[in-house]
Amino acid sequence: MSGTDDSNAFVPSRRTVLVLGAAAASTVVTVRPALAQTAGSVLNCEIPVPGPQAGGSYIAPDGSLVAPGTPGAAPPLARPLRGEEVKNLLRSGSTPAGVDSASAQAYANYIRRLQAGMSGFTCYASLQMPR
Amino acid sequence: MRHELALRIGPVAFRIGSAWRSPLDALARLYAGYPAPEDGLCDFTVRLEPERPWRRFIRPSVAIRGDYILPDAAPLSLAHGLLAAEMGMNLQMALGQRTWLLLHAATVEKDGRAIVMTGESGAGKSTLAALLGERGWRLMGDEFALLDIGSGALLPFPRAISLKNGAIGVMEAEVEAGRFGPRLAGTPKGDIRHLRPNAEAIARMDEGAKPALILFPRFGEAAAVRGVGQAEVFMRLTQASTNYVALGRRGFDALTDLVRNVPALAIDYPDTETAVGLIADFRRELAA
Amino acid sequence: MAGPAYIADSPGAVTKVALDGLAVLFHEPSGMTHIVASPAPEILEALQEGPADLAEILRRLSEVFDVEPLPSMGRGWGGVDSATRSVPAAMPPPPQPSPIKGEGAFAEALAARLAELEAAGLVRRA
Amino acid sequence: MSGAALLVRALREPGSIGACDWNALIGAARAEQLLGSLAFRMEGQAVPARVEAIFAAARREAAHVRTRALWEAEMCRRALAPLGIPVILMKGTAFHAAGLDASLGRSVGDLDILVPRDRLDAVEAALVEAGWERLKEAGGYDDSYYRRWMHELPPLIHKDRDRMIDVHHTILPLTARPRPDAAALIEASVILPGTGRDGQVAMSPGHGFGSRGEPNLPIATRSGAVEGGQHPAPHPLHHSPAANGPPPHPGEDCLRVLAPADMVVHAAAHLLADGDLAGGLRNLWDIDRLLREFDSPDFRATLAARARLHQLDGPVARALRLSSRLYGTPVAAGRLTLADRLFEARLLARNGWGQERRKLLRFAFYLRGHWLRMPPLMLARHLWTKAVMR
């Protein structure tokens with residue numbers, strides 16, 4: 001494709017079929033600041049589960065925070081998870097040392113729900129490809 | 001700060017301050033032969049300091065701080081202080097670099113043509129660049145490529161190469177012992193040993209090169225080469241750049257120019273020697 | 001089909017570079033880069049004539065293209081040059097062909113595209 | 001000289017900086033979020049090449065910062081336009097949107113807006129509808145604390161743009177002793193022309209902001225008249241709030257900023273009546289720039305009256321004294337008190353490596369920050385709950 005003739009790139013010279021696409025499809029991807037690839041070189045990170053703001057809360061299987069002692073919920077982790085442990089947990093489901101698999105799923109879901117500004121978010125973001 | 005050291009690597013100057021002496025001693029040995037910044041003027045400040053005041057003495061732990069800081073960063077043990085200094089410099093570049101478009105990529109050059117190799121960690125680009133740097137190519141950098149926005153040239157940033165686990169043995173067989181830093185066992189990323197680039201890479205650290213090929217190497221697969229479409233290259237390079245968004249329009253112009261003017265290939269390789277052979281073939285084709 | 005009318009930025013606000021059938025847009029007012037696939041660039045183009053609601057956008061597109069709500073069997077994702085396009089890894093997979101056709105399908109598909117463009121800030125309500 | 005003191009001297013008198021510890025100056029400026037402002041102040045001064053490159057990059061980045069800040073404001077405007085309420089930009093975004101001198105190189109983090117308190121729920125719902133998400137756990141202690149006692153909603157963050165918005169309904173926590181008149185703030189606010197439905201282009205970069213940042217964005221007063229704002233004519237924001245017209249137009253879809261005197265009152269409240277003075281040098285720099293730009297006999301009288309109205313005459317007077325002391329702001333501010341000297345020392349507690357110094361003093365101001373926000377019993381309960389949660 002010629003790189004310079006941009007202005008006419010989408011003006012067809014003959015009638016072309018234009019497909020609008022399914023409602024759930026996506027045709028716009030926005031470039032976001034990316035730290036993921038460099039994270040290994042810049043950051044040795046940890047994620048507390050849960051963050052200090054919610055210390056003592058239990059973590060429900062869906063990752064939400066619930067009152068201490070809620071049946072079926074996982075207790076808070078005594079130590080933060082290291083970046084490598086989080087990566088393995090999220091990518092292959094392998095459980096961190098000393099954690100049963102049901103709790104590990106709850107912790108994984110908690111981490112997936114982290115948002116910017118919450119403790120552990122930059123660590124989580126650095127382990128992911130940009131959304 | 002109690003101890004400090006200034007270093008210039010290509011166009012970027014750092015000052016590193018530390019509460020302890022040992023990380024800076026290790027850094028000075030590793031970067032022997034590098035120039036000092038002119039008049040001591042530095043672009044970035046790195047600080048290695050105790051997380052809490054008493055942690056300078058009791059179970060010393062090195063927090064990585066500086067001009068730019070990430071929350072959630074965990075401290076390293078003092079035994080890994082050299083790694084902390086290296087990560088501190090990387091962190092300043094990743095978060096604070098606003099002059100050049102920064103790509104997370106290794107770069108080697110021959111006859112004025114540069115090959116940019118990028119990919120996720122573990123793709124083997126560091127090892128590949130280190131080995132090419134000993135086999136007749138000039139190593140421009142194993143971690144960050146700096147794209148000059150006006151000229152489209154790549155600038156060298158020949159930091160010490162960070163070798164991990166298996167790559168350490170590969171390079172120990174290739175390079176004299178005096179260019180290695182200490183072996184750092186049991187870091188959060190496994191075993192790490194730093195390697196000082198050779199004398200040519202350091203002597204020519206102010207000499208840029210035109211990008212001639214963008215490579216997306218992937219280690220551990222049967223040898224294969226495929227072309228990569230421009231849109232995919234653009235997307236992958238924005239994901240490899242920490243400052244693309246912050247550079248605004250200038251970043252857009254520089255990156256679209258690069259993508260339209262430089263061919264790109266993805267290569268799979270089962271071992272480093274195979275990749276070195278493939279890259280030698282590319283070079284002949286580019287020269288032809 | 002009365003509904004909200006949409007406006008796109010003036011051409012000077014967006015720099016477009018075509019790469020392999022996709023377009024990379026630099027949007028000056030936001031400083032953001034968007035990678036867009038068909039039919040997003042065509043919709044933005046159609047809005048250059050002025051504000052328009054869904055029906056009017058569809059009419060403008062139909063003047064230039066044979067508009068279909070969903071890809072027919074055997075056709076790739078999107079309409080323009082789909083045969084030669086390489087889809088980047090980070091783009092979503094092509095939508096599955098569906099038997100739904102008719103007015104509603106056009107409106108639904110176009111509304112989804114406009115919602116994406118609006119969320120990205122590339123079009124706004126008039 | 002501490003890094004912060006060197007930074008203050010460079011900002012006040014750029015020409016006085018000859019051979020200095022440039023590394024310390026830049027380190028302190030980055031740590032205080034003032035590198036952009038410093039880079040504009042030092043423009044045209046003879047500085048070493050590497051330093052000039054750092055300043056040039058900072059000036060370029062400032063343009064991008066401005067674009068992102070104004071874009072966030074515009075996306076917020078689009079989300080809230082259907083509500084037809086006055087939406088008032090505050091702090092950094094407001095300085096940029098109004099093209100004020102204070103915006104030169106000014107960093108902007110969160111978007112701060114002020115809206116009528118009785119529309120908070122509708123505002124929050126509209127923002128959530130447009131892609132902003134709650135940061136704090138809904139119904140948790142922090143969330144409830146915010147809703148009951150704070151002057152703002154719990155922070156929201158946009159899911160795609162990763163930017164935070166602070167939605168205020170007044171300028172101090174409800175627990176603080178001064179009670180600013182939020183209705184008067186809104187009543188006196190000034191419309192930014194070109195921010196309505198069809199005027200988005202006016203918010204784009206390059207408009208209202210010359211290469212040296214002369215404010216040239218015409219500002220309409222509430223009555224809707226657009227007044228000439230070309231430099232060097234007096235800035236239209238100089239009009240006293242009393243000159244404004246009828247109450248907010250129903251169906252309004254444009255953005256506003258606070259009236260000039262209220263802007264200064266808010267900046268002083270933010271610096272001195274709330275929080276622990278961390279990053280205070282930048283907030284004080286805002287005050288210096290605003291005072292210099294707005295200064296006139298009328299303005300001084302209006303500022304005094306508005307400070308009294310909002311029960312913030314003490315903080316405003318102290319802000320003037322500190323600004324005059326540190327940045328040489330030409331205002332009749334009076335002598336520094338003993339307490340002022342503690343504030344000065346707190347503001348300058350940063351060395352040339354960017355590290356904070358004077359731990360005890362900073363801790364004292366941390367306690368003061370909480371003290372200002374809360375009655376003693378409530379403070380004890382708050383700190384207790386926070387400590388137990390840790």
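Lettering follows sequence order; numbering is per chain, from 1. The basis for the numbers below is simple: all heavy atoms, side chains too, and nothing from hydrogens, waters or symmetry mates.
In terms of non-hydrogen atom pairs under 4.5 Å with chain D, the most contact-rich of B:A246, B:G248, B:A6, B:G96 is B:A246. If you tally non-hydrogen atom pairs under 4.5 Å between each of B:D39, B:T45, B:D67 and chain D, the highest count goes to B:D67.
Interface residue B:R47: only side-chain heavy atoms are found under 4.5 Å from chain D. In this structure, chain D has no heavy atom under 4.5 Å from any part of B:P37. Residue D:A29 does not touch chain B at all, counting heavy-atom pairs closer than 4.5 Å. Using a 4.5 Å cut-off between heavy atoms, B:A13 touches chain D through backbone and side chain atoms alike. Both the backbone and the side chain of B:F44 come within contact range of chain D, judged by heavy atoms closer than 4.5 Å. Contact annotation for B:R250: only side-chain heavy atoms (C-beta onward) come within less than 4.5 Å of a heavy atom of chain D.
Between atom CG of residue D:L89 and atom SG of residue D:C76 there is a gap of 7.5 Å, rounded to the nearest 0.5 Å.
In this structure, the side chain of B:Y31 engages the main chain of B:A160 through a donor-acceptor pair within 3.5 Å. With hydrogens and angles ignored, the 3.5 Å screen pairs a side-chain donor or acceptor of D:H64 with a backbone N or O of B:V245. Panel note: side chain B:N243, backbone B:Q97; a donor-acceptor pair is recorded below 3.5 Å.
Both tests hold for D:R161 against D:W132: distance to the six-membered ring centre under 6.0 Å, angle to the ring axis within 45°.
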Go through the steps to decide whether B:R98 and D:R60 satisfy the test side-chain contact (heavy atoms from CB on, under 4.5 Å), and finish with yes or no. CA-CA 9 Å; B:R98 293 290 181 271; D:R60 279 195 304 269; 6.0 Å; no

